[in-house]
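Some notes on the structure that comes next.
Chain letters run A, B, ... following the sequence lines, proteins first and then strands; every chain starts at 1. Here the structure is a predicted model, which is why all the values come from computation and not from measurement.
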Protein chains: 2
Amino acid sequence: MLDAETAELKVLDTAERLFGARGIQAVGMDAIRSASGVSLKRLYQLFPSKDLLVEAVLRRRDEAVRSSLTAHGARTAEGPYERALAVFDWLADWFAEPGFRGCAFINGFGELGGVSPAVAAISRDHKEALRAYFAEQTDALGAPPVLADQLSLLANGAMAVAGITGSPEPAAQAKAAARVLLDTVR
Amino acid sequence: MLDAETAELKVLDTAERLFGARGIQAVGMDAIRSASGVSLKRLYQLFPSKDLLVEAVLRRRDEAVRSSLTAHGARTAEGPYERALAVFDWLADWFAEPGFRGCAFINGFGELGGVSPAVAAISRDHKEALRAYFAEQTDALGAPPVLADQLSLLANGAMAVAGITGSPEPAAQAKAAARVLLDTVR
DNA sequence: GCATCGGGAGAACGATCGTTCTCCCGGCCG
DNA sequence: CGGCCGGGAGAACGATCGTTCTCCCGATGC
């Protein structure tokens with residue numbers, strides 16, 4: 001048997017992967033059970049309902065994206081200009097992952113945002129965090145606040161189009177556009 | 001009783017509205033029946049399965065968007081530069097509609113793209129059509145081909161963010177960014 | 001060794017949903 | 001006028017799914 005921590009990790013990993021591949025409602029609790037090897041009983045001890053599991057998956061993904069984004073910025077870029085652009089390299093890596101099918105929050109909002117206030121709120125907060133990350137960089141550059149919104153639109157557009165088309169190209173295209181916008185305040 | 005044409009129209013209108021508000025899988029055939037006033041029997045005569053109804057709704061929406069977009073461009077803008085920018089005014093009108101909850105194709109792809117090749121293909125074609133519309137304008141300006149992709153990223157990012165945040169602001173922000181990009185080839 | 005407790009496997013239950021069927025009515029044709 | 005056809009209302013059916021329950025086993029403590 002697995003300890004609670006390991007089981008929770010396996011469930012969250014499995015659910016995130018299956019939700020990403022097929023969508024949320026197309027994945028039954030039984031599929032998560034089979035793929036994770038965690039029994040239904042334990043699954044419901046860890047997450048008392050599918051709704052709560054969905055929210056936990058999204059919340060963990062939110063944290064992971066925020067960490068990964070700032071870590072990548074700190075690792076690869078040296079100033080706010082470079083860190084803003086580095087977001088698009090981070091996107092490129094993400095889009096190239098096998099099975100990439102778009103942003104969990106854009107997809108989750110589209111599927112459940114209309115019936116689940118929790119999913120809608122998590123998605124909104126997540127997108128606001130991305131905008132805030134851009135705003136940190138653009139503020140440091142003394143750029144007008146709208147620039148952060150615009151960079152966020154490019155990033156989200158790249159996620160949506162890369163997901164739908166299956167091509168990683170949008171990351172590079174968005175990066176080039178972002179450079180043009182950033183250069184107006186240099 | 002309604003003639004077949006009127007019934008089909010009511011069903012497609014109702015389904016499009018409910019799918020947009022709640023997502024596709026959250027809307028049962030019975031809800032479409034109640035809201036449209038078209039009996040289940042007739043509904044299944046017109047659309048032999050829910051999958052086919054979903055595809056019909058998306059295909060009709062695809063046509064409507066394409067027509068609306070080119071009509072708006074022809075009506076309000078005089079040259080390729082203006083027509084490219086006019087797309088974002090068209091987005092602003094759309095985002096301001098009550099109940100707006102994002103793009104049917106971004107949302108539909110997120111929900112069903114992983115399990116329905118038909119939905120995935122329709123979404124891909126639709127996004128390609130938007131890109132092609134931008135490409136018509138940028139080609140006429142003698143701009144490099146990537147500009148059309150970048151304008152399409154801005155438009156799609158605006159749709160995603162406007163849907164999630166519920167604000168129409170992204171249209172104006174994207175328009176301003178698009179103007180910057182377009183001005184680099186003037 | 002034995003009772004107890006927690007967990008695994010999966011059956012069972014109740015709800016929902018896509019789809020079909022039954023029953024009935026109203027209009028149309030002879 | 002009487003039989004037939006198409007359609008409306010909604011019950012019925014079968015599948016799926018979220019959730020719970022049953023049964024059994026293995027470990028653990030005295």
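Regarding B:K50, its NZ atom lies at a distance of 19 Å from the P atom of D:dA15, rounded to whole Å. In this structure, CG of A:L46 is placed 14 Å from C1' of C:dG6, rounded to the nearest angstrom. Across the protein-nucleic acid pair, B:L43 atom CG and D:dG10 atom P stand 15 Å apart, rounded to whole Å. The distance between atom CZ of A:F47 and atom P of D:dC17, rounded to the nearest whole Å, is 20 Å. As rounded to whole Å, 17 Å separates atom C1' of C:dG10 from atom CZ of A:R42. Atom CD of A:Q45 is separated from atom C1' of C:dG8 by 11 Å (rounded to the nearest Å).
A donor-acceptor pair shorter than 3.5 Å cannot be found between the side chains of B:D149 and B:S152.
Under a 4.0 Å N-O distance rule, the pair A:R124/A:E128 does not qualify as a salt bridge. Taking 4.0 Å as the cut-off between side-chain N and carboxylate O, A:R60 and A:D13 count as a salt-bridged pair. Of the charged side-chain nitrogens involved, at least one lies within less than 4.0 Å of a carboxylate oxygen, so that B:R59 and B:E55 count as a salt-bridged pair.
B:V38 and B:V54 fall within the same hydrophobic cluster, where Ile, Leu, Val, Met, Phe, Trp and Tyr residues are linked whenever their side-chain heavy atoms come under 4.5 Å apart, directly or through other members.
Annotation: cation-pi geometry not satisfied between A:R101 and A:F19 (NZ/CZ under 6.0 angstrom from ring centroid, within 45° of ring axis).
In this structure, B:F105 and B:H126 have parallel ring planes: the angle between them is below the 30° cut-off, well short of the 60° mark.
Shown here for B:K50 and B:I24, the closest heavy-atom pair between the two residues is NZ-O, 3.2 Å.
Listed in residue order, the members of residues 9-34 of chain B having a heavy atom less than 4.0 Å from DNA chain D are B:R33.
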Collect all protein-nucleotide pairs involving nucleotides 21-23 of chain C in which both atoms are nitrogen or oxygen and the distance is under 3.5 Å.
none

